[in-house]
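Contents: one structure, followed by commentary.
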Amino acid sequence: MADPTDEESDARALDALSAERRKKRDVLIGHGIDPYPLRFDRTATAAELHQRHDGLEPDVRTGEVVTMAGRLTSVRGHGKLSFATLADMTGSVQLLMQASTTTEEAKTVLANVDLGDWVGAKGEAITSRRGELSVDVTDLWLLSKALRPLPDKWHGLTATDTRYRQREIDLLANADSRHVFDTRFKAVAALRRQMMIEDFIEVDTPILQPQAGGALARPFMTHSNALDIDLSLRIAPELYLKRLVVGGYERVFEIARNFRNEGIDTRHSPEFTALEAYRAFGDVNDGMDLTERLVVEAARSATGRLTFTVGDRTIDLTPPWPRRELLDWLEEVVGRRLHPSDPVEDVRSVCKEHDVDFLPEWGSGKLIFELYDTVLLPMALDPVFVVGFPVEVSPLARQTPDDAMMAARFELAIDAKEFANGYSELNIPEEQQERFLGEAEAAARGDLEAHPADRAFIRALEYGLPPTSGIGIGVDRLVMLLTEVEAIRDVILFPMMRPEAAS
RNA sequence: GCGCCUCUAGCUCAACGGCAGAGCAACGGACUCUUAAUCCGCAGGUUCCGGGUUCAAAUCCCGGGGGGCGCACCA
């Protein structure tokens with residue numbers, strides 16, 4: 001279907017189903033029942049009830065009267081006896097409704113509820129003859145009517161675009177999907193908790209920026225009417241966070257939504273979440289230590305495990321993770337020691353040998369980075385810190401003390417993807433200025449990912465940025481690993497989609 | 001942006017040139033221990049859209065749209 005929620009197709013195809021539900025709502029109104037009560041007091045959740053009473057023998061009455069609330073996901077009518085499943089945020093519990101012991105009002109409600117309705121139910125917690133924990137309902141209230149039918153209760157919802165466009169019904173129909181997001185929120189909470197433990201301050205920096213910076217990427221553009229200026233959506237919080245370190249926040253982090261106007265595929269979303277953290281007095285090695293602690297803690301806390309299977313790959317996060325010098329590893333694999341100072345023709349020939357495409361304006365450093373990206377990265381399954389990247393592709397990182405063409409920078413590779421990135425931050429204003437000018441020239445030449453020099457950032461550096469370790473962790477990719485899914489859209493609640501057709 | 005695949009009832013799927021079907025959900029009915037409840041009955045369609053080929057199109061062809069995957073760019 002071109003558009004499952006199109007108004008006309010609704011009017012046509014959903015009319016019969018929806019009309020039935022509206023009719024029942026009218027019947028209840030006719031009985032003086034408000035189908036949209038303002039509030040409801042519940043005394044127990046499904047999880048609490050199970051925690052208190054699981055393991056009882058069949059046919060036991062606990063004597064505890066509870067009031068539950070949730071969505072009705074299944075009804076099994078049995079004449080004067082009905083069973084139903086009530087699902088709330090914590091799980092589900094069975095309702096047992098006997099005509100002989102329910103109120104008249106409850107009978108009226110029961111006769112006019114549909115799958116998907118929100119209901120409240122009061123009764124004694126008991127076990128059924130089969131031994132299932134149930135609420136022996138005396139009172140039943142409608143809390144809100146579902147006018148649209150739910151997806152198939154057994155098969156759930158599989159249509160991918162409907163799952164992304166109408167995440168709400170994906171969540172209520174597919175337990176797998178709920179589990180993915182439960183895991184996501186636990187992982188993010190764990191990251192935040194760990195940062196707090198390590199004395200980092202959480203901050204919020206601008207998403208609307210006069211000038212995108214902190215990464216090489218194409219920004220989304222927008223416009224301020226009040227100021228009559230064009231603005232970019234942030235591509236990385238990096239520059240603002242380092243300005244906060246200048247300001248005295250020695251340990252800062254942000255769990256930041258970044259926006260990049262680039263390709264969309266299973267690994268890339270136009271908006272994605274990264275944790276960026278900056279720590280005064282640290283260097284690239286402290287960054288790796290911190291990254292390892294964060295990822296391991298998120299995995300343990302959100303899943304209780306350290307090994308994950310994605311597709312046919314098994315990934316083991318057990319620390320410590322190996323740290324390999326990029327140039328050493330590359331030498332091992334391509335059989336030649338490369339260096340950014342090598343003549344560009346030499347590095348190009350290695351690229352050709354390994355089917356690595358390149359552009360004529362790329363220097364040896366960029367070519368080495370491309371070799372890493374296309375030859376080494378796919379080999380990294382279990383976590384590996386790759387250390388030492390060409391300065392040419394690291395405009396915000398310090399040079400290493402013994403090699404001015406190499407930056408004190410690492411990338412964390414897991415499952416053939418870049419998971420994290422970090423370095424000893426470049427804090428020498430003149431050098432940063434020079435690197436910016438190089439980028440500005442590239443921008444002037446038409447490089448859409450390059451940006452003009454950020455003068456406000458240089459000015460900040462001139463007030464003094466202490467030695468600083470910075471890291472960035474791709475939160476969506478981390479969650480993909482922890483939930484063992486292959487598509488980034490599966491871990492984003494409402495992934496960017498083409499708008500639904502107008503009619 | 002290019003290539004491949006896909007779109008059928010509210011949902012999950014059949015039919016693959018010959019009357020558009022099933023399960024779930026819905027609707028009417030039976031049933032006091034079900035849990036994908038069961039049983040009887042009944043209803044539900046612009047087969048994504050537009051054009052073409054054909055006696056006949058959900059099916060084949062062309063164009064368009066949505067979605068997925070792969071490649072390229074990017075994290």
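Values below: every heavy atom of this structure, side chains too, minus hydrogens, waters and symmetry copies. We name chains A, B, ... by the order of the sequence lines, and we start the count at 1 in each one.
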Checklist entry - Would the number of heavy atoms belonging to other residues, nucleotides or ligands and lying under 6.0 Å from NZ of A:Lys24 be above 12? => result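 Atom NZ in A:Lys24 is packed in, count exceeds 12.
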Checklist entry - More than 12 heavy atoms of other residues, nucleotides or ligands under 6.0 Å from CD of A:Glu57: is that the case? => result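 No - once you tally the heavy atoms of other residues, nucleotides and ligands closer than 6.0 Å, there are 12 at most.
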Can you tell me which nucleotide in [options] comes closest to the side chain of [X]?
| X | options | answer |
| --- | --- | --- |
| A:Gln98 | B:rC73, B:rU32, B:rA75 | B:rU32 |
| A:Thr160 | B:rG67, B:rA75, B:rC27 | B:rG67 |
| A:Asp161 | B:rC27, B:rG67, B:rC31 | B:rG67 |
| A:Leu17 | B:rA26, B:rC69, B:rA75 | B:rA26 |

Identify whether any heavy atom of [X] sits under 4.0 Å from a base atom; if not, whether one sits that close to sugar-phosphate; answer base, sugar-phosphate or nothing.
| X | result |
| --- | --- |
| A:Gly474 | nothing |
| A:Ser100 | base |
| A:Ser269 | base |
| A:Arg498 | sugar-phosphate |
| A:Glu449 | sugar-phosphate |
| A:Lys23 | nothing |
| A:Thr158 | sugar-phosphate |
| A:Gln94 | base |
| A:Phe272 | base |
| A:Asp476 | nothing |
| A:Ala274 | nothing |

Let me know the distance between [atom1] of [X] and [atom2] of [N], rounded to the nearest Å.
| X | N | atom1 | atom2 | result |
| --- | --- | --- | --- | --- |
| A:Leu72 | B:rA26 | CG | P | 10 Å |
| A:Ile126 | B:rU35 | CD1 | P | 17 Å |
| A:Asn258 | B:rA75 | CG | C1' | 10 Å |
| A:Arg163 | B:rU6 | CZ | P | 21 Å |
| A:Leu81 | B:rU32 | CG | C1' | 4 Å |
| A:Leu157 | B:rG67 | CG | P | 16 Å |
| A:Ile264 | B:rG67 | CD1 | C1' | 13 Å |
| A:Glu418 | B:rA75 | CD | P | 7 Å |

Pairwise [atom1] distance, [M] and [N] [rounded to whole Å]:
| N | M | atom1 | value |
| --- | --- | --- | --- |
| B:rG67 | B:rA56 | C1' | 31 Å |
| B:rA14 | B:rU47 | C1' | 12 Å |
| B:rG21 | B:rC5 | C1' | 25 Å |
| B:rG63 | B:rA75 | C1' | 37 Å |
| B:rG28 | B:rG70 | P | 47 Å |
| B:rG50 | B:rA57 | C1' | 15 Å |
| B:rA43 | B:rC4 | C1' | 40 Å |
| B:rC62 | B:rA22 | P | 33 Å |

Look at [X] together with [Y] and state whether they make a salt bridge at an N to O cut-off of under 4.0 Å.
| X | Y | value |
| --- | --- | --- |
| A:Glu439 | A:Arg435 | no |
| A:Asp476 | A:Arg184 | yes |
| A:Asp114 | A:Lys145 | yes |
| A:Arg218 | A:Glu449 | no |
| A:Arg398 | A:Glu425 | no |

Next on the checklist: Tell me whether the side-chain N or O atoms of A:Asp265 pair up with the base of B:rC73 as donor and acceptor below 3.5 Å, since no angle test is needed here.
Outcome noted: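 Checked by distance alone, the answer is yes.
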Checklist entry - Between A:Leu150 and A:Leu96, which has a closest nucleotide on RNA chain B that is more 5'? => result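 It is A:Leu150, whose closest nucleotide lies nearer the 5' terminus.
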Checklist entry - Relative to the 5' end of RNA chain B, which residue comes earlier, A:Asp373 or A:Gly156, by the nucleotide with the nearest heavy atom? => result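 Its nucleotide being nearer the 5' end, the pick is A:Gly156.
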Item to check | Result of checking A:Thr483, A:Ile414, A:Leu317 against A:Phe308 for side chain to side chain contact (heavy atoms under 4.5 Å, CB included) | outcome: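 That would be A:Leu317.
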Item to check | Trace of the side-chain contact (heavy atoms from CB on, under 4.5 Å) decision for A:Arg260 with A:Glu271 | outcome: CA-CA 6 Å; A:Arg260 298 192 184 174; A:Glu271 54 182 306; over 6 Å; no
For nucleotides 40-42 of chain B, print each protein N/O atom paired with a nucleotide N/O atom at under 3.5 Å, atom names and distance only.
none

Next on the checklist: Under the criterion salt bridge (Lys or Arg N to Asp or Glu O under 4.0 Å), I'd like the reasoning laid out for A:Asp490 against A:Arg163: C-alpha separation, chi angles, the key distance, then a yes or no.
Outcome noted: CA-CA 9 Å; A:Asp490 286 330; A:Arg163 287 188 47 231; 3.7 Å; yes
Checklist outcome for this item: Pairing string of RNA chain B (Watson-Crick or G-U wobble, both atom distances under 3.5 Å; | = paired to other strand) is (((((((..((((....[..))))..((((.......))))......(((((..]....))))))))))))....
Next on the checklist: Taking ring-ring contact (aromatic ring centres under 6.0 Å, His included) as the definition, give me every residue that meets it alongside A:Tyr372, ordered by chain and number, with sequence neighbours left out.
Outcome noted: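 If we apply the ring-ring contact (aromatic ring centres under 6.0 Å, His included) test to A:Tyr372, skipping adjacent residues, the hits are A:Phe369, A:Phe389.
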Checklist entry - Roughly how far, to the nearest 0.5 Å, is the CZ atom of A:Arg76 from the CG atom of A:Leu81? => result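 Taking CG in A:Leu81 and CZ in A:Arg76, the distance rounds to 10.0 Å.
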